[in-house]
Amino acid sequence: MSRPSVGNPPALRIPKLEPTVAATPTMRLSTETLTVKTHERLELINITEQITVRVRQSGIRNGIALINSLHTTLALFINEFQQAMLDDIRTFLEQVIARGNYYRHNDPKYSDCDRQNADSHLRALLLGHTLCLQVANGELVMGPFQSVILAELDGPRDRALQLQILGSA
């Protein structure tokens, strides 16, 4: 198998969007790029409050909030944000997709990636990159123990999320 060409990685294609709210007589659209600075290689961060505040500020009363990770090693999921549960999630990810295993993505014969982060990509694949949440009466619709959790899987880094809220005022 031939090795891909070595060179500079492709330019990061994250559109820098200013917070906007577009309106029609029946629908409104709010779009914003959120940034998060992470501090550990594997880190779980509760971003529920940041999303909740932006939903309230959007003026959208009923609709959906779409949250999308703009990175292949940054995941989003919903779960309980409780320390014992977070420890179990970390243990689960480390047991199911071990960092020390052999992965072609980490092998210079097959890949020009020097981060040794195949496990991070596979963990993100398992968790997912996008969430779609309901908005009702200007609030996120979530259960009492549910939190929006950002999973940094290859940090520390500066990360970007795209938040789009669509609905009626």
Side-chain angles (χ1 to χ4, degrees), residues 1-17 31-55 64-135 140-165:
M1 181 169 231
S2 67
R3 180 178 175 203
S5 64
V6 178
N8 293 329
L12 196 56
R13 296 178 317 247
I14 299 174
K16 184 62 178 163
L17 300 175
T31 302
E32 185 175 355
T33 302
L34 309 176
T35 57
V36 177
K37 184 171 189 64
T38 64
H39 304 283
E40 299 173 30
R41 185 170 197 277
L42 175 55
E43 185 175 359
L44 304 174
I45 301 170
N46 187 344
I47 62 168
T48 309
E49 187 59 30
Q50 292 100 309
I51 303 303
T52 298
V53 165
R54 282 158 175 95
V55 166
I64 56 172
L66 301 167
I67 311 159
N68 183 44
S69 165
L70 299 177
H71 306 275
T72 58
T73 57
L74 183 78
L76 297 164
F77 64 97
I78 294 178
N79 211 309
E80 185 173 352
F81 199 81
Q82 184 257 357
Q83 193 57 54
M85 185 75 251
L86 299 176
D87 292 342
D88 291 339
I89 292 168
R90 281 187 196 91
T91 300
F92 170 76
L93 290 172
E94 290 166 352
Q95 288 175 347
V96 172
I97 303 171
R99 185 173 186 190
N101 287 355
Y102 172 81
Y103 300 105
R104 283 184 177 210
H105 182 69
N106 295 345
D107 188 333
K109 290 190 305 190
Y110 301 102
S111 173
D112 60 356
C113 179
D114 60 358
R115 289 190 62 87
Q116 300 292 303
N117 65 351
D119 61 306
S120 301
H121 288 280
L122 296 171
R123 290 172 181 176
L125 178 71
L126 183 66
L127 294 172
H129 293 93
T130 303
L131 293 176
C132 179
L133 302 170
Q134 292 176 304
V135 174
L140 285 178
V141 177
M142 296 184 71
F145 298 105
Q146 291 183 320
S147 294
V148 178
I149 301 173
L150 176 148
E152 170 61 79
L153 303 167
D154 190 31
R157 296 171 103 169
D158 292 332
R159 299 301 200 153
L161 303 169
Q162 191 73 37
L163 173 63
Q164 198 167 64
I165 308 160

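Residue numbers start at 1 and run along the sequence shown.
For Arg99, there are no salt bridge (charged side-chain N to carboxylate O under 4.0 Å, His left out) partners, not counting sequence neighbours. Listed by chain and number, the residues in a ring pair (Phe, Tyr, Trp, His ring centres under 6.0 Å) with His121 are His105 (sequence neighbours excluded). Every side chain to side chain donor-acceptor pair (under 3.5 Å) that Thr48 has, sequence neighbours left out, goes to Asn46. With sequence neighbours excluded, no residue forms a salt bridge (charged side-chain N to carboxylate O under 4.0 Å, His left out) with Asp88.
Crowding of Gln116 atom CD: a count of heavy atoms from other residues, nucleotides or ligands under 6.0 Å exceeding 12.
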- List the steps, then state whether salt bridge (Lys or Arg N to Asp or Glu O under 4.0 Å) holds for Asp87 with Arg90. CA-CA 5 Å; Asp87 292 342; Arg90 281 187 196 91; 3.3 Å; yes

- So Leu127 and Leu93, side chain to side chain contact (heavy atoms under 4.5 Å, CB included) or not? Walk me through it. CA-CA 9 Å; Leu127 294 172; Leu93 290 172; 4.0 Å; yes

- Task: Carefully, step by step, assess Ser120 and Arg41 under the rule side chain to side chain donor-acceptor pair (under 3.5 Å).
- Result: CA-CA 9 Å; Ser120 301; Arg41 185 170 197 277; 3.2 Å; yes

- Query: Hey, mind stepping through Asp119 and Tyr103 against side chain to side chain donor-acceptor pair (under 3.5 Å) and telling me if it holds?
  - Reply: CA-CA 8 Å; Asp119 61 306; Tyr103 300 105; over 6 Å; no

- Item | Candidate pair Leu34 and Ile47, rule side chain to side chain contact (heavy atoms under 4.5 Å, CB included), full reasoning | CA-CA 10 Å; Leu34 309 176; Ile47 62 168; 6.0 Å; no

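Residues in residues 72-86 take part in no salt bridge (Lys or Arg N to Asp or Glu O under 4.0 Å) pair, two or more places apart or across chains. Within the structure, the salt bridge (Lys or Arg N to Asp or Glu O under 4.0 Å) test picks out no pair touching residues 125-135 (sequence neighbours left out).
Side-chain atoms of Ile67 and Leu133, non-hydrogen and from C-beta on, do get closer than 4.5 Å to each other. Between Glu152 and His39, the closest side-chain pair of non-hydrogen atoms is not below 4.5 Å.
Of the options Thr38, Thr73, Asp154, a side chain to side chain donor-acceptor pair (under 3.5 Å) to Arg159 is made by Thr73 and by none of the others.
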